[in-house]
Amino acid sequence: MPSQKVETGHQDTIHDVAMDYYGKRLATASSDTTIKITGVSSNSTSQHLATLSGHQGPVWQAAWAHPKFGSILASCSYDGKVILWKEGNQNEWTQAYVFDNHKSSVNSIAWAPREIGLCLACGSSDGSISVHTAGADGSWDTTKIDQAHPVGVTSVSWAPSMVPGALVGSGMFEPVQKLVSGGCDNTVKVWKLYNGNWKMDCFPALQMHTDWVRDVAWAPNLGLPKSTIASASQDGTVIIWTVAKEGDQWEGRILNNFKTPVWRVSWSLTGNILAVADGNNNVTLWKEAVDGEWQQVTTVEP
């Protein structure tokens, strides 16, 4: 498919772009305080569908919920709020819910795997992570990880709900609830929900970065025996963390030193290709070779 240029109509920097489940709509989050939704099609045309206004500061991220829960988009902002937007009639969006329990900027949001239900994790500069779960009656239940990264949480990502090594569709397992977070304390931390409380699930915290962790991404495992997390840092490195089985120590190896801050890491749906966006405006794709070394497959041309 040829690359496609999309004019979003934003008045300021775009911080995030999220494709919906079907690949038909883009949500873009911007410093102009809005989220814009753009329809894209395979014949390289795009059309503006909606502008969502409600935040009072730069919007850092937008995230689509799985369509089985309806047409729902979450956004988080410097204003400390997380807004859930719901589409009623086509392209008519309303604020269905506002979470304003953080004391400062909410930097990252992530929807849980759909098996867990409608559940959103939020990481904030106030040092905490909040997890909001929808009840059957439309109410929301909130649990919090206080002081997750006391100097600020930059990013959150959910583990796949299947236990590593489990067979797809075996239906024998309770879905696991685990999160990974990155912070301004240069660490990566793994969290697990035990009896309704979030506890740290890696000891000690994962420490190989020498500057802020900008992004973390837990790879889909598709029944593979190991768990894999990628972390990107202001220090210019991307680290791949793996653990063979539950209870073992995580091991980190440097994917590459980009010699410029690395902003985002994102896995392919099958979890075998990692996209890396760096401060030199490059997006590169990486794949693990048979010997466990990571190799650059290609550069995405802008």
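Sequential numbering from 1 along the given sequence is applied to the chain's residues. Just so we're clear, the structure is a prediction, and the values are computed from it rather than from any experiment.
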*Asks:* Taking Ile145's backbone N and O only, do any of them form a donor-acceptor pair with Gln147's side chain (distance below 3.5 Å, no angle check)?
*Replies:*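 No: the side chain of Gln147 does not pair with the backbone of Ile145.
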*Asks:* Between Glu246 and Asp201, is the side chain to side chain contact (heavy atoms under 4.5 Å, CB included) condition met? List the steps.
*Replies:* CA-CA 10 Å; Glu246 190 79 11; Asp201 197 51; 4.2 Å; yes
*Asks:* More than 12 non-hydrogen atoms from neighbouring residues, nucleotides or ligands closer than 6.0 Å to NZ on Lys199, yes or no?
*Replies:*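 Correct, the count exceeds 12.
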*Asks:* May I have the list of side-chain donor-acceptor pairs in residues 110-120 shorter than 3.5 Å, sequence neighbours left out?
*Replies:*
| residue | atom | partner | partner atom | Å |
| --- | --- | --- | --- | --- |
| Trp111 | NE1 | Ala63 | O | 3.0 |
| Arg114 | NH1 | His66 | NE2 | 3.2 |
| Glu115 | OE1 | Ser161 | OG | 3.0 |

*Asks:* Can you give me the closest heavy-atom contact between Cys122 and Ile109, atom names plus distance?
*Replies:* SG-CG2, 3.9 Å
*Asks:* Given 3.5 Å as the limit, does a donor-acceptor pair link the side chain of Thr237 with the main chain of Ile239, or not?
*Replies:* no
*Asks:* Is the shortest heavy-atom distance from the side chain of Gln234 to the side chain of Pro261 under 4.5 Å?
*Replies:*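 A side-chain contact under 4.5 Å exists here.
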*Asks:* Are Val59 and Ile37 linked, directly or through other ILVMFWY residues, by side chains that come within less than 4.5 angstrom of each other?
*Replies:*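 Same hydrophobic cluster.
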*Asks:* Under a 3.5 Å distance rule, please check whether Ser71 uses its side chain to pair with a backbone N or O of Glu87 as donor and acceptor.
*Replies:*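 Not a single qualifying donor-acceptor pair exists.
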*Asks:* Between Lys81 and Val106 (side chain of the first, backbone of the second, donor and acceptor by atom type, cut-off under 3.5 Å), is there such a pair?
*Replies:* no
*Asks:* Do Ile129 and Met200 belong together in a cluster built from hydrophobic side chains that touch within less than 4.5 Å?
*Replies:*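 Linked, Ile129 and Met200 end up in one cluster.
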*Asks:* Which is it for Trp212 and Trp263 under the ring pair (Phe, Tyr, Trp, His ring centres under 6.0 Å) test, yes or no, and what are the steps along the way?
*Replies:* CA-CA 10 Å; Trp212 285 22; Trp263 297 107; 9.9 Å; no
*Asks:* Sub-3.5 Å donor-acceptor pair from the side chain of Asn107 to the main-chain atoms of Val153, do we have one?
*Replies:*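 Checked: pair present.
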*Asks:* Under 4.5 Å between any side-chain heavy atoms of Lys144 and Trp198, yes or no?
*Replies:* no
*Asks:* Can you see which heavy atom on Ala219 is nearest to which on Gly271, and at what distance?
*Replies:*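 Minimum heavy-atom separation between Ala219 and Gly271: CB-O, 4.4 Å.
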*Asks:* The test is side chain to side chain contact (heavy atoms under 4.5 Å, CB included); show your working for His132 and Asp141 and say whether it passes.
*Replies:* CA-CA 6 Å; His132 307 276; Asp141 179 48; over 6 Å; no
*Asks:* What I'd like to find out is whether the side chain of Thr242 reaches to under 4.5 Å of the side chain of Ile229, using heavy atoms alone.
*Replies:*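 No - every pair of side-chain heavy atoms lies 4.5 Å or more apart.
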*Asks:* Under 3.5 Å, is there a donor-acceptor pair between the side chain of Gln4 and the main chain of Thr45?
*Replies:* yes
*Asks:* So, for Val216 and Val180, which heavy atoms are closest and what is the spacing to 0.1 Å?
*Replies:*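 Of all heavy-atom pairs spanning Val216 and Val180, the closest is CG2-O, 3.7 Å.
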*Asks:* Has Asn280 got a side-chain atom pairing as donor or acceptor with Asn282's backbone, closer than 3.5 angstrom?
*Replies:*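 Not confirmed, Asn280 side chain does not pair with Asn282 backbone.
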*Asks:* Return a table of donor-acceptor pairs under 3.5 angstrom between the side chains of residues 12-20 and protein atoms on other chains or two or more places apart.
*Replies:*
| residue | atom | partner | partner atom | Å |
| --- | --- | --- | --- | --- |
| His15 | NE2 | Ser31 | OG | 2.7 |
| Asp16 | OD1 | Arg264 | NH1 | 3.2 |
| Asp16 | OD1 | Arg264 | NH2 | 3.4 |
| Asp16 | OD2 | Ala62 | N | 3.0 |
| Asp20 | OD1 | Tyr22 | N | 3.3 |
| Asp20 | OD1 | Gly23 | N | 2.8 |
| Asp20 | OD1 | Lys24 | N | 2.9 |
| Asp20 | OD1 | Arg25 | N | 3.3 |
| Asp20 | OD2 | Arg25 | NE | 3.1 |

*Asks:* Who passes side-chain hydrogen bond (donor to acceptor under 3.5 Å, both in side chains) against Ser181, sequence neighbours left out?
*Replies:* His149, Trp191
*Asks:* When you group the ILVMFWY residues by side-chain heavy-atom contacts below 4.5 Å and let the links chain together, are Val188 and Met208 in the same group?
*Replies:* yes
*Asks:* Does Val6 reach the side chain of Thr28, with side-chain heavy atoms less than 4.5 Å apart?
*Replies:* no
*Asks:* Apply salt bridge (charged side-chain N to carboxylate O under 4.0 Å, His left out) to the pair Lys226 and Glu251, showing each step before the final yes or no.
*Replies:* CA-CA 11 Å; Lys226 66 178 181 180; Glu251 289 176 15; over 6 Å; no
*Asks:* Quick check: closest heavy atoms across Ala148 and Lys189, and the distance to 0.1 Å?
*Replies:*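 Heavy atoms of Ala148 and Lys189 come nearest at O-NZ, 2.8 Å.
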*Asks:* Mind checking whether Trp218 and Trp158 sit in one hydrophobic cluster, side chains of I, L, V, M, F, W, Y counted as touching below 4.5 Å?
*Replies:* no
*Asks:* Using modelled atom types only, decide if a donor and an acceptor are shared between the side chain of Asp248 and the backbone of Val243 within a distance under 3.5 Å.
*Replies:*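 No; judged by distance alone, with no hydrogens or angles, the pair does not exist.
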*Asks:* Hey, are the side chains of Ile35 and Trp85 touching, using non-hydrogen atoms and a 4.5 Å cut-off?
*Replies:*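 Of all side-chain heavy-atom pairs linking Trp85 with Ile35, at least one is under 4.5 Å.
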*Asks:* Among side-chain atoms of Thr51 and Lys36, is any donor-acceptor pair under 3.5 angstrom?
*Replies:*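 Per modelled atom types, Thr51 and Lys36 side chains form a pair under 3.5 Å.
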*Asks:* Only one of Ser124, Cys184, Ser108, Ser125 forms a side chain to side chain contact (heavy atoms under 4.5 Å, CB included) with Thr154, so which one is it?
*Replies:* Cys184
*Asks:* Side chains of His55 and Thr34: any donor to acceptor distance under 3.5 Å?
*Replies:* no
*Asks:* Verify whether one side chain among His48 and Thr38 offers a donor that lies under 3.5 Å from an acceptor in the other.
*Replies:* no
*Asks:* Could you measure the distance from the CG atom of Asp211 to the CG atom of Asp185? Nearest 0.5 Å is fine.
*Replies:* 11.5 Å
*Asks:* Could you tell me if the side chain of Val238 sits less than 4.5 Å from the side chain of Asn256, heavy atoms only?
*Replies:* no
*Asks:* Going through the distances and angles, do Glu293 and Lys287 end up as a salt bridge (charged side-chain N to carboxylate O under 4.0 Å, His left out)?
*Replies:* CA-CA 9 Å; Glu293 290 295 322; Lys287 195 170 187 174; over 6 Å; no
*Asks:* Quick one: closest heavy-atom pair of Ala275 and Leu285, and the distance?
*Replies:* CB-CD2, 3.5 Å
*Asks:* For the residue pair Trp140 and Tyr97, categorise the inter-ring angle as parallel (less than 30°), tilted (30 to 60°) or perpendicular (more than 60°).
*Replies:* tilted
*Asks:* Using a 4.5 Å cut-off on heavy atoms from C-beta on, say whether the side chain of Ile240 contacts that of Thr228.
*Replies:*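 Side chain of Thr228 against side chain of Ile240, heavy atoms only: contact under 4.5 Å found.
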*Asks:* Checking side chain to side chain contact (heavy atoms under 4.5 Å, CB included) for the pair Ser77/Trp60: CA distance, chi angles, key distance, verdict?
*Replies:* CA-CA 5 Å; Ser77 164; Trp60 302 128; 5.6 Å; no
*Asks:* In this structure, are over 12 heavy atoms from other groups packed under 6.0 Å from Asp137 atom CG?
*Replies:*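 Counting neighbours around CG of Asp137, more than 12 heavy atoms of other residues, nucleotides or ligands fall under 6.0 Å, so yes.
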*Asks:* So, His10 and Asp32: side-chain donor and acceptor under 3.5 Å apart, yes or no?
*Replies:*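 Yes.
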*Asks:* What closest approach, in Å, do Ala277 and Val262 show between heavy atoms, and which atom pair accounts for it?
*Replies:*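 Scanning both residues, the minimum pair turns out to be O-CG1, 3.5 Å.
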*Asks:* Distance check, rounded to the nearest 0.5 Å: Ser266 atom OG versus Ile273 atom CD1?
*Replies:* 11.5 Å
*Asks:* For Trp93 and Leu52, indicate whether the former's side chain and the latter's backbone hold a donor-acceptor pair under 3.5 Å.
*Replies:*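 Between the backbone of Leu52 and the side chain of Trp93 there is no qualifying donor-acceptor contact (under 3.5 Å).
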*Asks:* Passes side chain to side chain contact (heavy atoms under 4.5 Å, CB included), Leu206 versus His209? Steps please.
*Replies:* CA-CA 9 Å; Leu206 309 184; His209 288 298; over 6 Å; no
*Asks:* Hydrophobic cluster membership, with links at side-chain heavy-atom distances under 4.5 Å among I/L/V/M/F/W/Y: are Leu49 and Ile83 in one?
*Replies:* yes
*Asks:* Going by distance alone, is a donor N or O of one side chain under 3.5 Å from an acceptor N or O of the other, for Gln95 and Lys86?
*Replies:*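 Absent: no donor and acceptor within the cut-off.
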*Asks:* Return the CG to CZ distance between Asp278 and Phe258, rounded to the nearest 0.5 Å.
*Replies:* 6.0 Å
*Asks:* Would you say Tyr78 has more than 12 foreign heavy atoms packed within less than 6.0 Å of its OH?
*Replies:* no
